[in-house]
Visitor: 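Below are the structure tokens for one structure; questions will follow.
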Amino acid sequence: MRNTNRRSVLIHTSLLAAGAALGTTGVTPALAGVASSRSLRETLIGAWRLVSSVETDIKTGAVDRPLGDKPEGLILYTPDGYMSAQLSAADRPNFASGDMYKGKPEEYVAAGLSYLAYSGPYYVDEASRIVEHEMSVSLFPNWKGQRQARIVKLDEKELHLSPNRPLMFNGSPKMATITWRRANPNV
């Protein structure tokens, strides 16, 4: 057996074993490219990489990409019901001091405007195809303790999340669409 074939077999076997340990069927439908009878919750479990973050002003229709054209980030859904979302603009400037507690005020402002993060439990409504994120912690303090609904759309390898109502961003109510792509397994 060639080394590449042996490696493929080992990776596939590892994925199946991990799936069995997590109570899933192994390779996700998003990776396999096939339809599935798995629940929305089972399909969400895992890591997703940020593809885009788009906000649309509900009054003017103006479209904004607050994290730029190539944002970075991950959203993680764990089998035991927790999630974490980290969204970042690319190429964020470093603090001149190199010390996270000794930044200049303008460095903290730039860092805060180019990053969004929150984590906590999640809840899935299978019938409505809605996932609710409960923010146990949040970079934006106003969200701490909130439970926000996200409308879920899945197509092949992409996950699209949108709030079920407009949220206030930059002074006006906007609808956001956050697109994620299934992350490659880190095995």
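Note that the structure is a prediction, hence the values are computed from the model and not measured. Positions are given from 1, in the same order as the sequence printed here.
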Visitor: Closest heavy-atom contact between Glu55 and Pro66?
Guide: OE2-CG, 3.4 Å

Visitor: Take Met83 and Ile75, measure what side chain to side chain contact (heavy atoms under 4.5 Å, CB included) needs, and give me the verdict at the end.
Guide: CA-CA 7 Å; Met83 60 76 56; Ile75 190 166; 3.9 Å; yes

Visitor: How many angstroms lie between OH in Tyr108 and OH in Tyr101, if you round to the nearest 0.5 Å?
Guide: 8.5 Å

Visitor: Below 4.5 Å, heavy atoms only, C-beta onward: do Leu161 and Val131 meet side chain to side chain?
Guide: yes

Visitor: Is it true that a side-chain atom of Tyr123 and a backbone atom of His133 form a donor plus acceptor pair closer than 3.5 Å?
Guide: no

Visitor: Does Trp143 reach the side chain of Leu116, with side-chain heavy atoms less than 4.5 Å apart?
Guide: yes

Visitor: So does Ala96 get a backbone contact from the side chain of Glu107, meaning a donor-acceptor N/O pair under 3.5 Å?
Guide: yes

Visitor: Would you call Met135 and Lys144 a side-chain contact if the rule is heavy atoms closer than 4.5 Å?
Guide: no

Visitor: What's the separation between atom CD in Glu158 and atom CZ in Arg181, rounded to the nearest 0.5 Å?
Guide: 4.5 Å

Visitor: Is there a path from Val63 to Leu50 through hydrophobic residues (I, L, V, M, F, W, Y) whose side chains come within less than 4.5 Å of each other?
Guide: no

Visitor: Excluding sequence neighbours, so at least two apart, what forms salt bridge (charged side-chain N to carboxylate O under 4.0 Å, His left out) with Asp69?
Guide: Arg65

Visitor: Can you see which heavy atom on Pro166 is nearest to which on Pro173, and at what distance?
Guide: CB-CB, 4.0 Å

Visitor: When you measure from the side chain of Ser138 to the backbone of Phe140, do you find a donor-acceptor pair of N or O atoms at a distance under 3.5 Å?
Guide: yes

Visitor: What are the two closest non-hydrogen atoms of Gly103 and Ser97, and how far apart are they?
Guide: N-OG, 4.3 Å

Visitor: To the closest 0.5 Å, what do you measure between CG (Asp64) and CG (Asp57)?
Guide: 9.5 Å

Visitor: Report the distance from atom CG of Leu76 to atom OG of Ser84, rounding to the nearest 0.5 Å.
Guide: 5.5 Å

Visitor: Answer with yes or no whether the hydrophobic clustering places Phe169 together with Leu139; edges join I, L, V, M, F, W, Y residues whose side-chain heavy atoms lie under 4.5 Å apart.
Guide: no

Visitor: Pairs of donor and acceptor atoms involving the side chains of residues 146-154, under 3.5 Å and at least two apart or interchain, shall be tabulated with distances.
Guide:
from	atom 1	to	atom 2	distance (Å)
Gln146	OE1	Gln148	NE2	2.8
Gln146	NE2	Asn142	O	3.1
Arg147	NE	Glu132	OE1	2.9
Arg147	NH2	Glu132	OE1	3.1
Gln148	OE1	Arg150	NH1	3.0
Gln148	OE1	Arg150	NH2	2.8
Arg150	NH2	Tyr118	OH	3.3

Visitor: If you round to the nearest 0.5 Å, how far is CE of Met175 from OG1 of Thr56?
Guide: 8.5 Å

Visitor: Got a sec: does the CG of Asp99 have more than 12 other heavy atoms crowding it under 6.0 Å?
Guide: yes

Visitor: Are the side chain of Ser119 and the backbone of Val137 linked by a donor-acceptor contact shorter than 3.5 Å?
Guide: no

Visitor: Got Arg49 and Leu74 here, is their nearest side-chain heavy-atom distance under 4.5 Å?
Guide: yes

Visitor: State, yes or no, whether a side-chain contact exists between Ser88 and Ser114 at a heavy-atom distance under 4.5 Å.
Guide: no

Visitor: For a quick test of reading the model, state the closest non-hydrogen atom pair linking Glu72 to Ala89 and the distance between them.
Guide: OE1-O, 4.2 Å

Visitor: Where is the tightest heavy-atom contact between Ala111 and Phe95, given as atom of each residue plus distance?
Guide: CB-CE1, 4.1 Å

Visitor: For the aromatic rings, using the six-membered ring if either is Trp, is the centroid distance between Tyr82 and Tyr122 under 6.0 Å?
Guide: no

Visitor: Please answer whether the main-chain N or O of Ser39 pairs with a side-chain N or O of Glu42 as donor and acceptor at a distance below 3.5 Å.
Guide: yes

Visitor: With the side chain counted from C-beta on, respond yes when Leu44 and Arg41 share a heavy-atom pair under 4.5 Å apart, and no when they do not.
Guide: no

Visitor: Please round to the nearest 0.5 Å and tell me the distance separating atom CG of Leu167 and atom OG of Ser172.
Guide: 11.5 Å

Visitor: Examine Tyr115 and Val109 and state if one hydrophobic cluster contains both, with Ile, Leu, Val, Met, Phe, Trp and Tyr joined whenever side-chain heavy atoms are less than 4.5 Å apart.
Guide: no

Visitor: Taking all atoms of both residues into account, what is the closest heavy-atom pair of Ser52 and Pro71, and its distance?
Guide: CA-CG, 3.9 Å

Visitor: Could you walk me through whether Leu159 and Tyr77 pass the side chain to side chain contact (heavy atoms under 4.5 Å, CB included) check?
Guide: CA-CA 12 Å; Leu159 166 65; Tyr77 290 99; 4.3 Å; yes

